[in-house]
Chemist: 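Here you go, one structure.
In this chain, residues are counted from 1 in sequence order.
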Amino acid sequence: MKTPVIIIGAGINGLVAAADLAARGTPVRVLERGPTAGGAVRTEALTLPGFRHDVAAMNLSMFAGSQFMTRHGDEMAKHGMEFVPIDRPFAQAMEPGDHLGVTMNVDETLRTFNAQADKDTWRALMEDFPERAGVVGGLLGTPMRRWPLAKFLWKTWRNLGTAKSLEVAQFLMSSPRDWLDANFEDPRLRTALSTWGMHLDFAPDIAGGAIFPYLEAMGGQAMGMVIGKGGADVATRALVSMIEARGGSVECNSEITQILHTNGKATGVIANGEKIEASTILAGLAPKHLLRLTSDTSDARFDKGMKSFRHAPGTMMIHLALDKQVPWLADALKRFAYVHIGRTIDTASRTYAQAVAGQLPDTPLLVVGQPTVFDPSRAPDGKHTLWVQVRVVPAEIKGDAKGEISETSWQDVKAPMAERTFDLIEEQAPGFRDLILGQHVVSPLDLEAENPNLVGGDQICGSHHLTQNFLFRPLRGFADGQTPIEGLHLIGAACWPGAGTGAASGFFAAQTIK
């Protein structure tokens with residue numbers, strides 16, 4: 001019998017790789033450290049009975065549009081994959097009572113803009129979006145290997161010409177603020193779009209960060225977004241079911257203590273004290289853990305790169321069970337999936353600088369998810385769940401920028417930081433606190449303890465700054481997930497194309513296995 005491909009980690013990338021391989025008749029064995037599969041794509045009852053909360057990832061738009069779903073969407077549907085479409089993807093709450101929102105109705109979106117010039121620019125950007133999205137999406141869907149990349153660049157140049165190709169290259173290197181200042185007059189609009197950069201560790205003034213605000217703005221307008229019916233774990237459950245139906249296995253509570261290799265070739269793993277032989281291993285690991293499990297790859301530059309791989313600041317998660325919907329001052333906010341809370345683009349810059357310096361931010365950026373507005377199955381009748389990301393916060397606390405919290409241990413800081421978060425929501429929604437029926441607060445260190453790939457609570461498994469993106473993710477010469485050990489491939493958010501639920505690195509790796 002053919003030796004199975006071993007996949008370490010049942011996160012979204014590992015499961016996608018396993019499902020694609022299993023569908024092609026390759027035996028696969030997925031080994032997951034935790035008690036359940038899914039990694040950051042899980043849904044659990046974290047507060048009260050009947051309330052289902054997405055542990056980390058909530059937005060499944062990238063997964064719905066992935067190459068994996070293009071190939072296997074029909075089969076996934078048979079295993080229970082179901083999406084909930086959302087026509088009002090995101091809004092920004094700024095001064096209390098003021099908001100700017102992006103919906104699939106362009107006129108509704110533009111009614112929240114203040115400047116006519118911005119409305120004209122928005123329509124022009126939408127007109128250009130199919131061509132620009134084809135280029136940017138094509139890049140994100142191209143493995144960072146010599147020939148696929150060369151083919152993509154040649155095709156892009158042939159289609160766009162030199163001037164437009166250089167314009168796209170400049171855009172890819174632009175900071176959010178540079179791109180927004182060049183295109184929009186209204187500071188409210190600049191604030192609303194710049195917030196998306198913070199999801200990938202791009203503060204407003206960091207080069208290379210314009211791409212995400214652009215894609216989320218234009219993509220949200222053109223296509224909305226999707227979440228999983230009943231919870232994000234619908235994707236995880238469908239993947240596991242597909243793998244098992246095709247003869248593969250997903251084994252949880254499998255603690256990997258060593259990746260075995262001899263003479264530069266992978267030979268297997270040690271899991272729960274048992275030696276499992278394998279010549280092909282896909283490792284869904286943060287770089288530091290790949291280095292820990294391999295000990296020494298005999299490539300000094302690779303080992304140094306894995307050790308020095310830089311992680312983004314941490315995130316604190318707050319999961320709430322609510323008696324009623326959030327009573328936003330701006331009533332329209334009740335109808336959006338995401339509400340970002342942050343008053344100005346400069347507030348976001350200050351927050352990031354404080355977190356990087358080890359300070360608890362005085363006004364942390366909040367991403368408030370309202371999944372039950374679109375999927376009431378996640379809570380009892382009439383009740384709601386709230387999913388709150390507190391971005392960005394330090395894993396190691398050196399002080400408090402506001403001067404109110406003296407403790408430096410997250411175990412002691414969780415409660416007062418949750419109260420600071422509630423204060424910010426309460427400003428936008430008076431009476432909000434009175435609706436809380438149950439809460440579950442997760443610090444950055446709690447996130448890492450549960451999932452060691454989230455180093456320091458970094459939910460994107462590594463900064464996406466230009467020195468650690470594209471050909472340099474996770475390291476120059478290894479952006480295709482290959483390692484110095486033959487047969488050992490790195491997959492996951494630390495690899496190109498990075499974070500998100502698209503699971504492209506797992507899918508790319510699966511295509512290299514015959």
Side-chain angles (χ1 to χ4, degrees), residues 9-16 18-19 30 32 34-47 50-66 68-69 72-73 76-77 79-86 89-90 199-200 216 219-220 223-243 250 252 284 315 317-321 336-339 367-379 384-389 391 440 442 447 450-451 453-454 457 459-461 492-493 498-504 506-507:
I12 194 73
N13 275 281
L15 293 175
V16 158
V30 183
E32 166 59 34
T36 58
V41 185
R42 302 194 331 273
T43 308
E44 297 178 0
L46 298 174
T47 56
F51 292 85
R52 287 176 52 77
H53 305 269
D54 289 339
V55 171
M58 173 182 141
N59 182 355
L60 294 185
S61 298
M62 291 179 69
F63 184 71
S66 67
F68 172 82
M69 284 298 290
H72 301 292
M76 284 286 286
H79 290 282
M81 184 70 247
E82 187 175 355
F83 297 108
V84 176
I86 290 172
F90 74 92
H199 284 247
L200 285 183
E216 288 295 336
M223 299 171 284
M225 63 180 271
V226 300
I227 59 176
K229 178 71 173 177
D233 70 336
V234 68
T236 299
R237 290 183 281 110
L239 284 165
V240 171
S241 177
M242 179 177 167
I243 292 165
V250 179
C252 295
T315 296
M317 295 294 305
I318 302 177
H319 303 282
L320 299 174
F336 284 88
Y338 277 159
V339 177
V367 186
V368 181
Q370 305 184 110
T372 42
V373 171
F374 298 90
D375 181 13
S377 71
R378 299 179 181 215
H384 287 271
T385 65
L386 212 64
W387 175 98
V388 183
Q389 284 185 327
R391 291 180 177 264
H440 180 73
V442 187
L447 285 171
E450 185 178 72
N451 183 349
N453 283 337
L454 307 183
Q459 288 192 324
I460 58 174
C461 200
T501 56
F507 186 77

Chemist: Considering all heavy atoms of both residues, which atom of Val240 and which atom of Ala37 are nearest to each other, and what is their separation?
Modeler: CG2-CB, 4.0 Å
Chemist: Which residues satisfy the side chain to side chain contact (heavy atoms under 4.5 Å, CB included) test with Ala235, sequence neighbours excluded?
Modeler: Leu60, Phe63, Met81
Chemist: Could you report the tightest heavy-atom contact between Leu200 and Ala499, atom names first, then the distance?
Modeler: CD2-CB, 3.8 Å
Chemist: Is any side-chain heavy atom of His319 less than 4.5 Å from a side-chain heavy atom of Thr385?
Modeler: no
Chemist: How many angstroms lie between atom CD of Gln370 and atom OH of Tyr338, to the nearest 0.5 angstrom?
Modeler: 11.5 Å
Chemist: Side chains of Met69 and Phe83: does their closest heavy-atom pair fall under 4.5 Å?
Modeler: yes
Chemist: Would the distance check show the side chain of Thr315 and the main-chain N or O of Gln389 forming a donor-acceptor pair, the cut-off being under 3.5 Å?
Modeler: no
Chemist: Are any of the side-chain heavy atoms of Leu239 and Phe68 separated by less than 4.5 Å?
Modeler: yes
Chemist: For Asp54, what residues pass the side chain to side chain contact (heavy atoms under 4.5 Å, CB included) criterion, not counting sequence neighbours?
Modeler: Thr43, Met58, Ala232, Arg378, Trp387
Chemist: Quickly, which of Ile227, Val373, Val226 forms a side-chain contact (heavy atoms from CB on, under 4.5 Å) with Ile86? Name it, please.
Modeler: Ile227
Chemist: Considering non-hydrogen atoms only, spot the tightest contact between Leu320 and His53 and give its length.
Modeler: O-CE1, 3.3 Å
Chemist: Answer yes or no: is there a donor N or O on one side and an acceptor on the other, between the side chain of Arg52 and the main chain of Gly230, under 3.5 Å?
Modeler: yes
Chemist: Heavy-atom distance under 4.5 Å between the side chains of Met242 and His72, does that happen here?
Modeler: yes
Chemist: Taking all atoms of both residues into account, what is the closest heavy-atom pair of Thr47 and Ala321, and its distance?
Modeler: OG1-CB, 3.5 Å
Chemist: To the nearest 0.5 Å, what is the distance between NE2 (His79) and CD1 (Ile243)?
Modeler: 10.0 Å
Chemist: Hey, could you give me the CE/CZ distance between Met76 and Arg237, rounded to the nearest 0.5 Å?
Modeler: 10.5 Å
Chemist: Please determine whether side chain to side chain contact (heavy atoms under 4.5 Å, CB included) holds for the pair Glu450 and Val55, giving the CA-CA distance in whole Å, both sets of side-chain angles, and the decisive distance to 0.1 Å.
Modeler: CA-CA 11 Å; Glu450 185 178 72; Val55 171; 3.9 Å; yes
Chemist: Tell me every residue that passes salt bridge (charged side-chain N to carboxylate O under 4.0 Å, His left out) with Glu44, counting only those two or more places apart in sequence or in another chain.
Modeler: Arg42
Chemist: Grab the two heavy atoms, one from Pro35 and one from Cys252, that are nearest each other, plus how far apart they are.
Modeler: O-CB, 3.6 Å
Chemist: Got a donor-acceptor contact below 3.5 angstrom from the Asn453 side chain to the Gly284 backbone?
Modeler: yes
Chemist: Looking at every non-hydrogen atom in both residues, tell me the closest pair between Asn13 and Gly492 and how far apart they are.
Modeler: ND2-CA, 3.6 Å
